[in-house]
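Here is the structure we will look at.
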Amino acid sequence: MPTDAVYLQMALAEAWKSAGHTRPNPPVGAVVVKGGTVIGKGRHRRCGGDHAEVAAMKDAIRHLPERLRHRPHPLAGSTVYVTLEPCSRPGRVGACTDALVAAGVSRVVWAASDPNPVNRGRAARILARAGIEGALFKGKVPPAGDGPRGRDVASLIAPFAKHVATGLPYVTVKLAMSLDGRICDYRGEARWISSAASRRATGRLRETVDAVMVGAETIRCDDPSLLCHTRRNDDLWRVVVSRSGSLPSAAKVFTDEARDRTLVFPDPRVALEELGRRGFLHVLCEGGLALARSLAKEGLVDEWLTVLSPVVVGDSPLADAVRFPAGDVRFCVRNSPCIPPVFSVE
């Protein structure tokens, strides 16, 4: 018989499908289980639409026999598993606690508490008054897949929690670095330091964020599109930080089909404050080093992702960099043996 952790992992897999599409709401997933069988799945797809619990319960009711669909409590005896504590106050849509009570479910289990202290714990009290067992899961929910960040509950909820607490988006800085600590050669060329596999991983990461941020030099030197090429994400925005505002008008971010989703700001703090006001939850900074340093100096970085490439650039053009076979990376302490491999390079 599957455990609560397994069912919550299923809900987590549903939630990650919506990451990057629900702002200013969090991505949430849910499953409905009865008699050890999953009878409904759902997720919050975008702001203003059904919340995950409601979507999952509607899916479950659609699969009931016709004679049971219209009874007063169609989901009596079932358990709803959801990644985030059910909302207990009506907003753009009704409160999920009201919908759970109306459906007559017997139990509700969630993987993370509401990050807003005003609401935290309120769902359990409301459900208890209706005779429904509701509680935060105390164990560990396995990640729902792999990826550059790990698709776990903490990673899913962190951007929303940061926005609730500070009004700012969660910031992930991703850098590709050679073994000698360079992110580009003396000409500023950096595109091929990372591998094809790591670029695909970056593409998957772009599927789950609200905006990609770069500095002006990245636009001038590389002319990237900054779009998601693994799975189309029409909710993804591009953000360029340029103190001078002098940028090539022919750059892809200003001329492609997504040009209306490009914003330019004079500095990163101004950018993040405005993005926060717009409800953006997660910003991925992909370049360059000056922008990363500026974000770090102001304490605006929440997460660092570093791709370490088996390349020594030195003072040569990138095309002449010394390349090594893929292998394990080991960290050594002076006069001490190397510890076991901690990760591998490609």
Side-chain angles (χ1 to χ4, degrees), residues 1-19 21-22 25-114 122-145 151-153 156-157:
M1 176 76 69
T3 63
D4 287 352
V6 171
Y7 291 128
L8 283 171
Q9 184 185 34
M10 294 179 188
L12 185 59
E14 289 296 308
W16 272 107
K17 296 175 186 176
S18 290
H21 302 281
T22 60
N25 294 342
V28 180
V31 298
V32 182
V33 177
K34 186 171 184 179
T37 300
V38 175
I39 61 173
K41 293 182 179 182
R43 58 189 172 99
H44 182 45
R45 294 176 178 268
R46 57 193 323 107
C47 182
D50 286 339
H51 285 190
E53 301 92 314
V54 173
M57 289 190 295
K58 285 182 176 179
D59 184 52
I61 291 170
R62 280 195 296 270
H63 290 92
L64 290 176
E66 179 66 31
R67 61 183 175 81
L68 301 178
R69 291 179 192 173
H70 305 292
R71 66 182 183 180
H73 300 290
L75 296 179
S78 63
T79 298
V80 174
Y81 294 90
V82 60
T83 55
L84 183 63
E85 180 179 347
C87 67
S88 54
R89 302 176 192 272
R92 293 180 179 87
V93 297
C96 290
T97 49
D98 293 342
L100 291 162
V101 171
V105 303
S106 298
R107 183 169 175 251
V108 184
V109 181
W110 49 90
S113 297
D114 192 320
R122 194 166 183 268
R125 295 192 295 272
I126 292 173
L127 294 173
R129 287 199 295 268
I132 299 171
E133 178 187 350
L136 172 69
F137 179 63
K138 299 300 185 181
K140 182 176 176 58
V141 180
R151 301 205 168 192
D152 59 8
V153 173
L156 178 75
I157 302 301

Worksheet item: Looking at side-chain heavy atoms only, is the closest gap between Leu127 and Val101 below 4.5 Å?
Response: yes

Fill in: Under 3.5 Å: donor-acceptor pair, side chain of Glu14, backbone of Gly29
no

Worksheet item: Under 3.5 Å, side chain of His73 to main-chain N/O of Val105, donor-acceptor pair present?
Response: no

Worksheet item: Do Leu75 and Ile61 have side-chain heavy atoms sitting under 4.5 Å apart?
Response: yes

Worksheet item: Heavy atoms, side chains only, cut-off 4.5 Å: are Val93 and Val54 in contact?
Response: no

Worksheet item: How close do Ala123 and Trp110 get, heavy atom to heavy atom, and via which atoms?
Response: CB-CH2, 4.3 Å

Discussion item. Determine whether His51 and Asn25 satisfy the following criterion, side chain to side chain contact (heavy atoms under 4.5 Å, CB included), listing intermediate values before the conclusion.
Written reply: CA-CA 10 Å; His51 285 190; Asn25 294 342; 4.3 Å; yes

Discussion item. Once rounded to the nearest 0.5 Å, what's the spacing between atom CZ of Arg122 and atom SG of Cys87?
Written reply: 10.0 Å

Fill in: Separation of Leu84 CG from Leu156 CG (nearest 0.5 Å)
8.5 Å

Worksheet item: Where do Pro2 and Val6 come nearest, in terms of heavy atoms and distance?
Response: CB-CG1, 4.0 Å

Discussion item. Please find the pair of heavy atoms, one from Ala102 and one from Pro74, that lie closest to each other, and give the distance.
Written reply: O-CD, 4.4 Å

Worksheet, complete the sentence: To the nearest 0.5 Å, atom CG of Leu100 lies from atom OG of Ser88 at 11.0 Å

Worksheet item: What closest approach, in Å, do His44 and Asp50 show between heavy atoms, and which atom pair accounts for it?
Response: ND1-O, 3.0 Å

Practice prompt. Please report the C-alpha distance between Leu136 and Lys138 in whole Å, then the side-chain angles of each, then the deciding distance to 0.1 Å, and finally whether the side chain to side chain contact (heavy atoms under 4.5 Å, CB included) criterion is met.
Written response: CA-CA 6 Å; Leu136 172 69; Lys138 299 300 185 181; 4.2 Å; yes

Worksheet item: What closest approach, in Å, do Ala56 and Gly42 show between heavy atoms, and which atom pair accounts for it?
Response: CB-N, 3.6 Å

Fill in: Rounded distance [0.5 Å steps], OG1 in Thr97 versus CZ in Arg129
9.0 Å

Fill in: Donor-acceptor contact below 3.5 Å, side chain Asp59 vs main chain Lys41
yes

Worksheet item: Between atom CG of Leu64 and atom CZ of Arg62, what is the distance when rounded to the nearest 0.5 Å?
Response: 11.0 Å

Worksheet item: Nearest 0.5 Å, what's the OG1-CG distance between Thr79 and Asp4?
Response: 7.5 Å

Discussion item. Any heavy-atom pair between the side chains of Ile39 and His63 that's under 4.5 Å?
Written reply: no

Worksheet entry | Minimum-distance pair of heavy atoms, taken over all atoms of Pro142 and Leu12 | O-CD2, 3.6 Å

Fill in: Val32 side chain reached by Lys34 side chain, heavy atoms, under 4.5 Å
no

Worksheet item: Between the side chain of Trp16 and the main-chain N/O of Arg151, is any donor-acceptor distance below 3.5 Å?
Response: yes

Fill in: Test applied, side chain to side chain donor-acceptor pair (under 3.5 Å); reference residue, Tyr81; option that passes from Arg107, Glu53, Gln9
Arg107

Practice prompt. Using modelled atom types only, decide if a donor and an acceptor are shared between the side chain of Ser18 and the backbone of His21 within a distance under 3.5 Å.
Written response: no

Discussion item. Walk me through whether Asp152 and Val141 qualify under side chain to side chain contact (heavy atoms under 4.5 Å, CB included).
Written reply: CA-CA 7 Å; Asp152 59 8; Val141 180; over 6 Å; no

